[in-house]
Number of protein chains: 2
Amino acid sequence: MLKIHGIARSRAFRCIWAAEEAGLPYEVVPLGFAPGFKLERPLAINPNNKIPALEDGDLVLFESLAINLHIAAKAGAPLMPTGDDASRVMQWTLWTGTEVEAHVMRWGYNAYIKPEAERIASEAAAGKEALDLRLAVLERELAQRPYLVGNGFTVADLNLACVLYGPWLNGYDLAPFPKVKAWLDTCLTRPAALRARKLREG
Amino acid sequence: MLKIHGIARSRAFRCIWAAEEAGLPYEVVPLGFAPGFKLERPLAINPNNKIPALEDGDLVLFESLAINLHIAAKAGAPLMPTGDDASRVMQWTLWTGTEVEAHVMRWGYNAYIKPEAERIASEAAAGKEALDLRLAVLERELAQRPYLVGNGFTVADLNLACVLYGPWLNGYDLAPFPKVKAWLDTCLTRPAALRARKLREG
């Protein structure tokens with residue numbers, strides 16, 4: 001049984017979605033910032049003091065996107081392809097972490113996450129400007145194939161779509177990127193995604 | 001034959017080191033910002049307009065750390081371990097990309113990379129403060145084992161050490177982190193690392 005430490009309102013959502021896609025049994029060990037939960041500091045489960053963390057038998061992992069790679073590897077193809085396509089999955093997962101997520105957060109914190117009085121419009125704009133550059137790259141890629149790797153949904157799509165889920169749900173202007181918008185619509189309404197989103201969105 | 005597009009003065013250094021560790025034949029296709037080379041824009045080889053990129057037959061990859069995972073996977077164990085240790089490699093590689101590199105760059109640009117007149121001391125200090133927090137996590141991990149994953153050098157060490165190579169070489173204060181310092185000394189003076197460094201440091 002996979003144990004996902006976190007709550008669906010945190011990045012643990014990503015791992016819940018992955019477990020749902022993999023069809024693997026899992027439980028969520030509630031740990032987070034929702035009412036009624038207190039974040040234990042320091043977190044014995046993660047030296048970075050962050051959620052999520054995954055327990056899978058003796059293995060304890062941090063980094064949500066790496067947890068998802070692990071879950072996908074357990075499920076095997078098609079969620080985790082083999083050969084060169086496995087390398088392409090790593091490429092897009094690293095790209096998500098290094099080129100996309102920081103800009104998503106910069107925009108998100110200042111567009112809808114922080115209390116309105118604390119939002120800084122110029123920060124939201126800077127995040128959007130940087131994210132738009134990456135979405136333009138993605139738009140060109142998705143003009144060539146329906147999913148990031150091969151012809152079907154893989155954990156590469158999951159890892160990128162789960163990071164773009166916040167913008168997608170909270171009014172980010174995707175009109176200049178119709179292929180990205182359609183791909184996100186497809187990914188984020190998959191049955192497994194809907195089951196994970198229900199835990200988060202209620 | 002692996003084709004590494006870039007120059008040793010760029011992040012292509014990381015992939016050169018990986019190819020040297022893997023013992024795989026490679027060539028460097030010069031593309032970069034060194035005197036005598038002009039960076040073609042847009043870069044046909046990488047939709048992100050960045051170096052490095054890897055060509056391995058029909059496979060073209062971007063993201064330096066993902067390229068290294070691909071090279072290590074070709075070499076197999078011990079550079080790329082199997083099973084749960086493979087997942088730990090992904091964890092540390094993602095951690096490098098999401099928790100470490102941006103702070104390394106923020107410090108580096110303002111400590112030694114930009115012309116002196118353009119450096120902003122407060123930016124260097126902010127980068128150092130954030131990086132120190134991550135190095136403290138790493139210090140505790142390296143108190144428990146000699147390398148990041150298992151008992152020997154893997155691509156997880158390579159991927160983190162290649163990102164910390166700039167600070168290590170350029171006067172970052174590692175005195176509070178003696179285990180990190182010793183581990184970097186070991187990684188960055190491996191024969192394969194020295195061969196790659198020679199191409200960069202001259």
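Please read these numbers as outputs of a predicted model, since none were measured by experiment. Proteins get letters first, then strands, A, B, ... in listed order; numbering begins at 1 in each.
- Using a 4.5 Å cut-off on side-chain heavy atoms (C-beta onward), A/Glu63 and B/Trp92 make no contact.
- The interface of residues 149-188 of chain A with chain B, defined by heavy-atom distances below 4.5 Å, is empty.
- B/Asp85 does not touch chain A: none of its heavy atoms, backbone or side chain, sits under 4.5 Å away.
- Of the atoms belonging to B/Thr93, heavy atoms from both backbone and side chain fall under 4.5 Å from chain A.
- Proximity to chain B is absent for every atom of A/Val89, based on heavy atoms less than 4.5 angstrom apart.
- From A/Ile71, atom CD1 reaches atom CD1 of A/Ile16 across 9.5 Å, with rounding to the nearest 0.5 Å.
- If you measure heavy-atom distances from B/Leu61 to chain A, the contacts under 4.5 Å come from both the backbone and the side chain.
- Partner of B/Ser64 under the side-chain hydrogen bond (donor to acceptor under 3.5 Å, both in side chains) criterion, out of B/Arg14, B/Arg11, B/Glu101: B/Arg14 alone.
- The closest side-chain heavy-atom distance from A/Ile45 to A/Val29 is not below 4.5 Å.
- Ring geometry for B/Phe13 versus B/Trp17: interplanar angle of 30 to 60°, hence tilted.
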Inset, instruction - Show your reasoning for whether side-chain contact (heavy atoms from CB on, under 4.5 Å) applies to B/Arg197 and B/Thr189. - result: CA-CA 9 Å; B/Arg197 287 177 55 196; B/Thr189 58; 4.2 Å; yes
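- Among A/Leu65, A/Leu69, A/Asp58, A/Leu94, the residue with the largest count of heavy-atom pairs under 4.5 Å with chain B is A/Leu94.
- By a heavy-atom distance cut of under 4.5 Å, A/Arg134, A/Val137, A/Arg140, A/Glu141 are the residues of residues 132-146 of chain A near chain B, going up by number.
- Annotation: side chain of A/Arg88 is in contact with side chain of A/Asp84 (closest heavy-atom distance under 4.5 Å).
- In this structure, B/Asn46 contributes its side chain and B/Ile51 its backbone to no donor-acceptor pair below 3.5 Å.
- A salt bridge links A/Lys50 and B/Glu99; the closest N-O separation between the charged side-chain nitrogens and carboxylate oxygens is under 4.0 Å.
- Counting heavy-atom pairs closer than 4.5 Å to chain B, the top residue among A/Gly97, A/Gly57, A/Pro47 is A/Pro47.
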Inset, instruction - Please report the C-alpha distance between A/His70 and A/Asp56 in whole Å, then the side-chain angles of each, then the deciding distance to 0.1 Å, and finally whether the side-chain contact (heavy atoms from CB on, under 4.5 Å) criterion is met. - result: CA-CA 10 Å; A/His70 172 77; A/Asp56 181 9; 2.9 Å; yes
Inset, instruction - For side-chain contact (heavy atoms from CB on, under 4.5 Å), just list the numbers for B/Ile7 and B/Val28, CA-CA rounded to whole Å, side-chain angles, deciding distance to a tenth of an Å, and then say yes or no. - result: CA-CA 7 Å; B/Ile7 53 170; B/Val28 178; 5.6 Å; no
Inset, instruction - Please report the C-alpha distance between B/Tyr109 and B/Glu118 in whole Å, then the side-chain angles of each, then the deciding distance to 0.1 Å, and finally whether the side-chain hydrogen bond (donor to acceptor under 3.5 Å, both in side chains) criterion is met. - result: CA-CA 9 Å; B/Tyr109 276 123; B/Glu118 295 173 27; over 6 Å; no
